Amino acid sequence: MGDIFEGPFYIKQKEGNIVSDMDGEKVMLSISNGKYYNLGKIGGVIWDLIEKPISYLELVDSLVNNYDVDRGECEQQVLSFLESLKKEELIEIKEGSIM
């Protein structure tokens with residue numbers, strides 16, 4: 001993955017997005033860039049979990065504990081999703097201690 005995910009890190013939502021539930025999936029409008037995003041069901045769960053700063057390990061632990069998913073697969077999918085959110089400037093990432 002990218003170099004933005006080296007070592008322990010914390011993730012949180014950036015402010016300025018309007019999020020709504022539609023048929024069990026989260027959709028979002030970014031006020032800053034005017035784009036719409038369909039986060040999907042699990043993406044919506046992740047979005048809710050990163051409302052406040054959370055460590056990457058806590059995020060993965062929560063998903064593994066609540067869904068029937070292999071930890072390695074979960075980590076890979078979460079990193080990919082976070083990279084997409086970071087690329088669109090929808091989240092903040094801080095290495096080391098909590099934000």
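Since this is a predicted model, take the numbers as computed values, not measurements. Note that the numbering runs from 1 along the sequence shown for the chain.
We find the OG-NZ distance between S84 and K86 to be 13.0 Å, quoted to the nearest 0.5 Å. Atom CD1 of I54 sits about 9.0 Å away from atom CG of D61, to the nearest 0.5 Å. The distance from atom CD1 of I91 to atom CD1 of I93, rounded to the nearest 0.5 Å, is 4.0 Å. Interatomic distance, CZ of F9 versus CG of L57, reported as 8.0 Å (0.5 Å rounding). Note: I46 CD1 to S62 OG = 9.5 Å, rounded to the nearest 0.5 Å.
Nearest heavy-atom pair across E75 and V60 is CG-CG1, 3.8 Å. Across K14 and E92, no two heavy atoms sit closer than the pair CG-CG, 3.5 Å.
Between K87 and E83 there is no salt bridge, since none of the side-chain N atoms of the basic residue sits less than 4.0 Å from a carboxylate O of the acidic one.
Residues L90 and M22 are members of separate hydrophobic clusters, defined by side-chain heavy-atom contacts under 4.5 angstrom among Ile, Leu, Val, Met, Phe, Trp and Tyr. Follow the hydrophobic side-chain contacts under 4.5 Å out from I18 and you never reach W47; the two are in separate clusters.
A donor-acceptor pair is defined here as one N or O able to donate and one able to accept, closer than 3.5 Å; such a pair exists between the side chain of E58 and the backbone of S55. A donor-acceptor pair under 3.5 Å is formed between the side chain of D70 and the backbone N or O of E73.
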Would you tabulate the side-chain donor-acceptor contacts of residues 27-43 under 3.5 Å, counting partners in other chains and residues two or more places apart, or write 'none'?
| residue | atom | partner | partner atom | Å |
| --- | --- | --- | --- | --- |
| S30 | OG | S32 | OG | 3.1 |
| S30 | OG | N33 | N | 3.4 |
| S30 | OG | N33 | OD1 | 3.1 |
| N33 | OD1 | K35 | N | 2.8 |
| N33 | ND2 | Y37 | OH | 2.9 |
| K35 | NZ | E88 | OE1 | 3.3 |
| Y37 | OH | E88 | OE1 | 2.6 |
| N38 | OD1 | G40 | N | 2.8 |
| N38 | ND2 | E25 | OE1 | 3.2 |

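Residues passing the side chain to side chain donor-acceptor pair (under 3.5 Å) test with Q13: none are found, sequence neighbours excluded.
Annotation: side chain of Q77 is not in contact with side chain of V69 (no heavy-atom distance under 4.5 Å). Using a 4.5 Å cut-off on side-chain heavy atoms (C-beta onward), Y56 and I11 make contact.
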